[in-house]
Amino acid sequence: MENTQQSKRQSVNGINLVDIWSVQCGECFKWRLIPTEEEFEEIRSKITDDPFVCSKKPDVSCDDPADIERDDSRTWAIHKPGIPETPAGFKRRLVMRKDFSKMDCYYDAPNGKKFRALTDVSKFLDKFPKYKRDISTADFSFTSPKIMDDTIPTVAGKKL
DNA sequence: GCCACCGGTGGC
DNA sequence: GCCACCGGTGGC
């Protein structure tokens, strides 16, 4: 079972935004809310070497009830492990498709360039070699979270 | 002309 | 069958 993940509210007025970030405890498997995307990113990028446990949240232990349960009131997107921490100055973006079939991953570079695949990163590093001091293609992963099929919103029993 | 977004597919 | 990648394009 994966133990980092992000959940996402169902479409409201056509707006699809991630409104909840949560992480699963590696010991009791309860889900804990993470207040900000930045904190989630920090935990997520280190999860393999430094598994998340309830006690990492202030004044929380595995004895406390879960912050949130997995149900179909929202769409859940589970992050894959091993995605590197986003380099400083870069922004990793996940965009849900309108039909909830998948998410697309993009990075924004400090100079405004946008990447949609590792090949874009390679081209960028060739064009702007000064960045090679600090980053390589290994610092990027375009692997997007897995949408949990049973949580995709439906209309009259059918997927959008 | 740009770019956000989507559909299709080659390689695994 | 999945998914990383890329070509195309509609809307601005």
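Chain letters run A, B, ... following the sequence lines, proteins first, then strands; residues in each count from 1.
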Expected string for nucleotides 1-12 of chain B under the B/S/- scheme (protein heavy atoms, under 4.0 Å, primed atoms plus P, OP1, OP2 as sugar-phosphate) is ---SBBBB----
Pairwise distance OG1(T137(A)) to CG(D120(A)) - rounded to 0.5 angstrom
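T137(A) OG1 to D120(A) CG: 12.5 Å, rounded to 0.5 Å.
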Do any N or O atoms from the side chain of S144(A) and from the backbone of M103(A) form a donor-acceptor pair under 3.5 angstrom?
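Checked: pair present.
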Taking the side chain from R92(A) and the backbone from S141(A), do they hold a donor-acceptor pair closer than 3.5 Å?
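Yes, the answer is positive, given that a donor and an acceptor are paired below the 3.5 Å cut-off.
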For atom NZ of K127(A), is the number of surrounding heavy atoms from other residues, nucleotides or ligands below 6.0 Å larger than 12?
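12 or below, so no.
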Heavy atoms from other residues, nucleotides or ligands near NZ of K57(A) exceed 12 (cutoff 6.0 Å)
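Buried by this count: over 12 neighbours within 6.0 Å.
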Counting only heavy atoms and a strict 4.0 angstrom limit, can you tell me which residues of residues 119-128 of chain A come near DNA chain C?
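The stretch gives T119(A) as the residues lying under 4.0 Å from the strand, ordered by number.
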Should the ring pair F90(A) and F140(A) be called parallel, tilted or perpendicular, given that the plane angle runs from 0 to 90° and is split at 30 and 60?
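Rings of F90(A) and F140(A): perpendicular, over 60°.
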Side chains of I34(A) and R44(A) in contact at under 4.5 Å (non-hydrogen atoms)
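A side-chain contact under 4.5 Å is absent here.
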